[in-house]
Structures are given as structure tokens and as C-alpha cells.
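Working notes for the structure below.
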Protein chains: 2
Amino acid sequence: MYLNEFDATMKHIQGKWKIMIMYELYERKVVRFNELQRYIASISPKTLTNQLKEMEKDGLIKRVVYPVVPPHVEYSLTPKGDSLIPVLNVICNWGLSVIPSDQLQRTLCDE
Amino acid sequence: MYLNEFDATMKHIQGKWKIMIMYELYERKVVRFNELQRYIASISPKTLTNQLKEMEKDGLIKRVVYPVVPPHVEYSLTPKGDSLIPVLNVICNWGLSVIPSDQLQRTLCDE
DNA sequence: CTGAATCCCCTCTGATACTG
DNA sequence: CAGTATCAGAGGGGATTCAG
């Protein structure tokens, strides 16, 4: 089977919210579960959990649990997650070139 | 909503076989339906049709019909499709960096 | 040869309620 | 606060058959 590398990358970024999660972690460095849920307005806790678990398993993000009450969990990008950011920018910039400018609302490219 | 550009690009490359189709068209320049079906061994005609239609609608590929019997249809990349190739290479190369080298069978990156 | 039509399955995601 | 449990829906893709 061909295209292993392509699929390898795609597996990391497939998932409706992963890029948005990456973006939030990239911007804010350290974010809690509840914050992600608020920033990404329409995501359900179940889906957020799923995406975070996959990303953690893929080595893109780090999950740190503080054993306190109430629970406190922090998510952040790993170096591997950081290394994916430039790739996302390339993807984003190509998209920029194919969207009619009057449909652009806000760009995250090159931020 | 954010991330318009990213989603715009992703819409173009999402679909289980689109990258493989892109790759075949990039390598062979002009390919017929039946050839694609053979090159991409396990794709069903229905799925192949779907992917080609979407890609044509997205402007990535060009479809030329010769009104003869039996039918003769040729597919090729458009300039827009060509412009996506470097993006695919970036994606592919990142994947190359995260796959253990002993799992690599064949690379399409930088070809 | 190039698809279209049909049926089936399966994964992903959403909505909601609940727990330690 | 940070999830888990459960139910449900939509869409993508596979297998097969048929048509112009």
C-alpha cells in the first residue's frame, strides 16, 4: 500500500475539532477541559474527550492531572504537536488562495 | 466561525481516495476511468465516481468526454489541482518524520 | 467503457443526563 | 471540574447489479 506518510499525517489531523483544539493550545499554551469546551462553543463533552484522547495517544498533546478536588486537568501541545503547526499553516494558506476574498471572515493563517 | 481556510483545503483532500487519484493524475497526466479503477485496486466504481465528481466540482480535475462508442473519458489535473501538489508534499513529509523508519514501505514524498 | 442504482454497514458526531 | 453512559442520526464507503 502506498501513501503511508500522507495517511500518517492525516490521521493526526482528522477529526472535526482537532485543528481548533491545536489552535487553542497553540495560542493559550495551557488550557483546561472546561475552557476548551467554552472556546469551542458547539462541541459536546463526549466528542471533546474523544478528540483529546486520540491526540494524546498520537503524542500531539500532553495531559497533566492535578490530584485535587475539584479536579484540575491541563492540556498543552507537545513538541510533536508544535511541529505540526507549520504544516497547518501551509494547508491554511492554500485554502486562503482558493476562497473568494469576500467570503473571508477571519484568517488564522500566519498568526 | 474560524478556520475557514483550513476547512476549505481539507474539503478538497478529504475522501479516502482523493490523494491517490491526485497522485495518479500527477504521475500519468491523463488517465481514463477504467485505468484509475485498476491502479487503485480496491476502489468501487461508485466511490470512484463520487470522488471524481467532487474533485471536478472543486476544480481540482478536468473531465473530458469523447463522444464515441464505447465511451471514452479522460481525467487530468487542473492548474488548481497542480497547485495542491506542494501542499500534499508538505503533509507527506511531516508524516515521514513521524513514522518509524522500519515501517516505511515506499515513499511518495518529493517524487 | 463509464458509470448509475441499490442496499448495507460502520464510524463519527451530537444531545442529554449522570458521576466521582 | 472533568469527564462517562446512553441513545440516536447522518454520511462515507463497500459490494453488487444494471444500463447507455
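Order of the sequence lines fixes the chain letters, A, B, ..., with proteins taken first and strands second; residue numbering starts at 1 for each chain.
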Note to self: Side chain of A/Trp17, heavy atoms from C-beta onward: which of C/dT13, C/dG3, D/dG14 has the nearest atom to it?
What the structure shows: C/dT13
Next item on the list: Grab the two heavy atoms, one from B/Lys29 and one from B/Ser76, that are nearest each other, plus how far apart they are.
Entry: O-CB, 3.1 Å
Next item on the list: Using whole Å, report how far CG of A/Asn34 lies from P of D/dT4.
Entry: 15 Å
Checklist line | Residue-phosphate contact under 4.0 Å: A/Arg32 side-chain N/O, D/dA2 OP1/OP2 | finding: yes
Notebook entry, point to check: Nearest heavy-atom pair of A/Ile85 and A/Met22: which atoms, and what distance?
Noted result: CD1-CE, 4.1 Å
Check: A/Tyr75 has a side chain; which of D/dG3, C/dG3, D/dC1 sits nearest to it?
Finding: D/dG3
Margin query: Between A/Arg38 and D/dC1, is there a contact of a side-chain N or O with OP1 or OP2 at under 4.0 Å?
Written below: no
Notebook entry, point to check: If you look at every strand shown and take non-hydrogen atoms under 4.0 Å, does B/Thr49 touch a base, only sugar-phosphate, or nothing?
Noted result: sugar-phosphate
Check: Separation of B/Ile21 atom CD1 from D/dG13 atom C1', in whole Å?
Finding: 13 Å
Notebook entry, point to check: Rounded to the nearest Å, what distance is computed from the CZ atom of residue B/Arg63 to the C1' atom of nucleotide C/dT2?
Noted result: 8 Å
Notebook entry, point to check: Any ring pair (Phe, Tyr, Trp, His ring centres under 6.0 Å) pairs touching residues 73-99 of chain A, not counting sequence neighbours?
Noted result: A/Trp94-B/His12
Note to self: Which heavy atom of A/Asp58 sits nearest to which heavy atom of A/Lys11, and what is that distance?
What the structure shows: OD2-O, 4.1 Å
Checklist line | Rounded distance in Å - NZ (A/Lys16) to C1' (D/dG9) | finding: 12 Å
Notebook entry, point to check: Do B/Lys46 and C/dG3 have a side chain to base donor-acceptor pair shorter than 3.5 Å?
Noted result: no
Margin query: Between C1' on C/dG3 and CD on B/Glu74, what's the gap in Å once rounded to a whole number?
Written below: 16 Å
Check: How close or far is atom C1' of D/dG13 from atom CE of B/Met20, stated in whole angstroms?
Finding: 14 Å
Margin query: Nearest to the A/Lys53 side chain among D/dT4, D/dA2, C/dC7, which nucleotide is it?
Written below: D/dT4
Notebook entry, point to check: Out of C/dA15, C/dG3, D/dG3, which nucleotide sits closest to the side chain of A/Ser44?
Noted result: C/dA15
Note to self: Let's see if you can work this out: which of D/dG14, D/dA2, C/dT2 has an atom nearest to the side-chain heavy atoms of B/Pro71?
What the structure shows: C/dT2
Note to self: Other residues, nucleotides and ligands only: do more than 12 of their heavy atoms fall within 6.0 Å of NZ on A/Lys62?
What the structure shows: no
Item checked: Candidates C/dG14, D/dG13, D/dA2 - which lies nearest the side chain of A/Phe33 -> D/dA2
Notebook entry, point to check: Once you round it to whole Å, what is the distance between C1' of D/dG11 and NZ of B/Lys11?
Noted result: 14 Å
Next item on the list: Would you mind reading off the distance between A/Glu35 atom CD and D/dG3 atom C1', rounded to a whole angstrom?
Entry: 16 Å
Check: The side chain of B/Thr47 lies closest to which of these nucleotides: C/dT13, D/dG14, C/dT2?
Finding: D/dG14
Note to self: Taking the nucleotide of DNA chain D with the nearest heavy atom to each, does B/Pro45 or B/Asn50 sit closer to the 5' end?
What the structure shows: B/Asn50
Checklist line | Nearest-0.5 Å distance, CG of residue A/Leu25 to OH of residue A/Tyr39 | finding: 10.5 Å
Notebook entry, point to check: Closer than 4.0 Å, any side-chain N/O of B/Gln51 to the OP1 or OP2 of D/dG12?
Noted result: no
